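Okay, structure first, notes after.
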Amino acid sequence: MEDTFGRKIEYLRLSVTDRCNLRCRYCMPADGVESMDHVSVLSYEELLRVARVATRCGVKKIRVTGGEPLVRRGIVDFIRELAALPGSPEITLTTNGLLLADMAADLRRVGLSRVNVSLDSLREDRFAYITRRSGVDKVLAGLKEAEAAGLTPLKINMVPLKGVNEDEIGDFARLALESPWEIRFIEFMPVSGGLDFTPEHMFPASAILEELGKVAKLIPLLRQGPSGPARMFHFPESPGKIGVIPAISDHFCGECNRMRITSDGRIRPCLFSTEELDLRGALRNRVSDTELEELLGTAACAKPERHHIGEETFRQGLRRMHGIGG
Ligand code: SAM
Ligand code: SF4
């Protein structure tokens, strides 16, 4: 599957729910969101059909996300079925890690390759402030179990926010000195309004790099693969790696190989564009697999050449990150 600009679409992100057991201030409002009724959410059967057709169109990697994917009942069996699809796509998962300790071994057993765990503070009081819930100890236990289960290389996603947690960049980076983890620092993306954090909270990649330089000498690594958005580094003789994702201040749109499916069945060709295509309607109108392939191809061609977030013309959308999948 190729888009209008010659980019190969090989990576599908499936959001399996918009619900979550945290309320991160950059992602959800304080009182949560009105739960989508079950009929609106794509069933596992529907998601599997889309994933099967997508692999036929050249998708090689599928990331399961949410909301919090581990809160959806039956997620382990769903991952088993995804991993068993023809073409054996690589299956990965992004999670807040709260439920990971109990589920890591099962997830690995059914074929999950790796996990990205989102964690924005190592301090309980600050974790509670950012997520409006407690549980940093549970997330750390989840990381331990995920490593023991072989869901590696383990990646940690941290979003530094100005005046909130940017002073922990060094503490997170030091984890890469001690363990073979990849610590990824992601610029805050103000994709939607109505949240506690505003574009002014964005802590730019240049400042992140400055903080990292205080820990030890930062050595750039050659980019691995064509499409990851992270600029990769390591510290001398450290087992881990460092990634910096300048989602706003720079972009890798020219290498973007991904497409997103929201839990309510919209295809979102670009994270930063509000354009979406109605997949659920098509699925429920019993379209053929060939028609589904065509719809995915149309969505690929709807990918803009590059995003315009951070520019004057950019308008925030209504859908928040928990509804898109990150
Ligand atoms: N609940 C899971 C989690 O938190 O990992 C998966 C879904 S979450 C929407 C996926 C990723 O999006 C997380 O790493 C989270 O930190 C990130 N995220 C959410 N809102 C964001 C924002 N406004 N800017 C940057 N990253 C954001
Ligand atoms: Fe939930 Fe992830 Fe959004 Fe936090 S970032 S509220 S954990 S979906």
Side-chain angles (χ1 to χ4, degrees), residues 13-33 35-36 63-72 75 92-100 103 107 114-121 127-136 138-139 142-143 146 151 154-162 164-166 172 182-205 208 229-230 243-249 251 258 260-263 268 271-272 307 309-310 314 316-326:
R13 295 178 66 108
L14 287 182
S15 172
V16 296
T17 178
D18 73 329
R19 296 179 188 207
C20 189
N21 44 2
L22 292 181
R23 294 282 179 273
C24 301
R25 287 172 190 268
Y26 52 65
C27 182
M28 273 205 189
D31 38 3
V33 284
S35 280
M36 238 182 250
R63 177 170 297 278
V64 177
T65 177
E68 174 47 40
L70 297 186
V71 301
R72 182 159 175 186
I75 190 71
T92 61
L93 176 105
T94 300
T95 173
N96 61 31
L98 273 190
L99 301 174
L100 191 56
M103 298 173 80
L107 288 166
R114 292 184 287 106
V115 281
N116 284 24
V117 178
S118 308
L119 181 62
D120 299 321
S121 179
F127 178 93
Y129 169 70
I130 297 170
T131 68
R132 302 194 184 93
R133 299 283 186 276
S134 59
V136 73
K138 290 195 185 113
V139 181
L143 283 166
L151 291 168
L154 219 52
K155 297 187 184 180
I156 298 185
N157 291 351
M158 186 227 187
V159 180
L161 297 150
K162 210 179 276 177
V164 179
N165 63 347
E166 83 271 36
F172 272 89
E182 186 176 315
I183 316 296
R184 293 149 45 97
F185 299 93
I186 305 173
E187 276 181 350
F188 166 58
M189 300 173 245
V191 287
S192 63
L195 296 172
D196 285 14
F197 296 142
T198 60
E200 286 67 47
H201 284 91
M202 203 265 269
F203 195 71
I208 295 172
V244 177
I245 304 184
I248 308 299
S249 61
H251 61 79
R258 54 190 69 185
R260 295 172 165 79
I261 307 237
T262 65
S263 54
R268 180 120 171 169
L271 172 60
F272 298 117
H307 74 64
I309 192 165
F314 177 75
Q316 288 181 321
L318 292 176
R319 208 188 267 280
R320 301 188 187 92
M321 212 59 116
H322 69 92
I324 306 172

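Computed from a predicted model, the values in this text were never measured in an experiment. All residue numbers refer to positions in the sequence shown, counting from 1. Counting starts at 1 for both ligands and their atoms, following the listed order.
At the top of the distance list for atom 3 (Fe) of ligand 2, counting protein heavy atoms only, stands C27 SG, 2.4 Å. Nearest protein heavy-atom neighbour of atom 16 (O) of ligand 1: Y26 OH, 2.9 Å. Among protein heavy atoms, the minimum distance from atom 12 (O) of ligand 1 is reached at G326 CA, 3.8 Å. Looking only at protein heavy atoms, the nearest one to atom 10 (C) of ligand 1 is G325 O, 3.8 Å. Nearest protein heavy-atom neighbour of atom 6 (S) of ligand 2: C24 N, 3.3 Å. Among protein heavy atoms, the minimum distance from atom 22 (C) of ligand 1 is reached at M189 O, 3.6 Å.
Contact atoms of ligand 2 toward G67: 8 (S) (distance under 4.0 Å to a heavy atom of the residue). Each of the atoms 1 (N), 2 (C), 6 (C), 7 (C) of ligand 1 lies under 4.0 Å from some heavy atom of G67. Each of the following atoms of ligand 1 lies closer than 4.0 Å to a heavy atom of V159: 16 (O), 26 (N). Distances below 4.0 Å separate heavy atoms of N157 from the following atoms of ligand 1: 14 (O). Each of the following atoms of ligand 1 lies closer than 4.0 Å to a heavy atom of T65: 6 (C), 7 (C). Counting the atoms of ligand 1 from 1 in the order shown, those under 4.0 Å from a heavy atom of S118 are 3 (C), 4 (O), 5 (O), 13 (C), 14 (O). Near G66, meaning under 4.0 Å from one of its heavy atoms, ligand 1 places the atoms 7 (C). Below 4.0 Å from some heavy atom of F188 lie the following atoms of ligand 1, by number and element: 22 (C), 23 (N), 24 (N), 25 (C).
Shortest non-hydrogen contact noted between I245 and P229 is CG2-CB, 4.0 Å. The two residues P246 and E187 have their closest heavy-atom pair at C-OE1, 3.3 Å. Closest heavy-atom contact between N165 and D120: ND2-O, 2.8 Å. Closest approach of R133 and N21 over heavy atoms only: CG-O, 3.7 Å. Residues S249 and A205 come closest through the heavy atom pair OG-CB, 4.0 Å. The two residues A30 and R23 come nearest to each other via the heavy atoms O-CD, 4.0 Å.
Close N/O approach between T94 and ligand 1 is not found [any backbone or side-chain N/O within under 3.5 Å]. Between T95 and ligand 1, at least one N/O pair is under 3.5 Å apart.
Only the side chain of C20 comes within contact range of ligand 2, with a heavy atom under 4.0 Å; no backbone atom does.
We find that D196 and R132 are joined by a salt bridge, their nearest charged nitrogen and carboxylate oxygen being less than 4.0 Å apart.
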Would you please test F188 and I248 for side chain to side chain contact (heavy atoms under 4.5 Å, CB included) and show each step?
CA-CA 8 Å; F188 166 58; I248 308 299; over 6 Å; no

side-chain hydrogen bond (donor to acceptor under 3.5 Å, both in side chains) assessment of T17 paired with E68
CA-CA 7 Å; T17 178; E68 174 47 40; over 6 Å; no

Assess whether side chain to side chain contact (heavy atoms under 4.5 Å, CB included) is satisfied between V71 and L98, documenting all intermediate values.
CA-CA 10 Å; V71 301; L98 273 190; over 6 Å; no

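In this structure, atom 8 (S) of ligand 1 has its sub-4.0 angstrom surroundings free of protein heavy atoms.
Atom CG in N157 sits 11.5 Å away from atom CG in N96 (nearest 0.5 Å).
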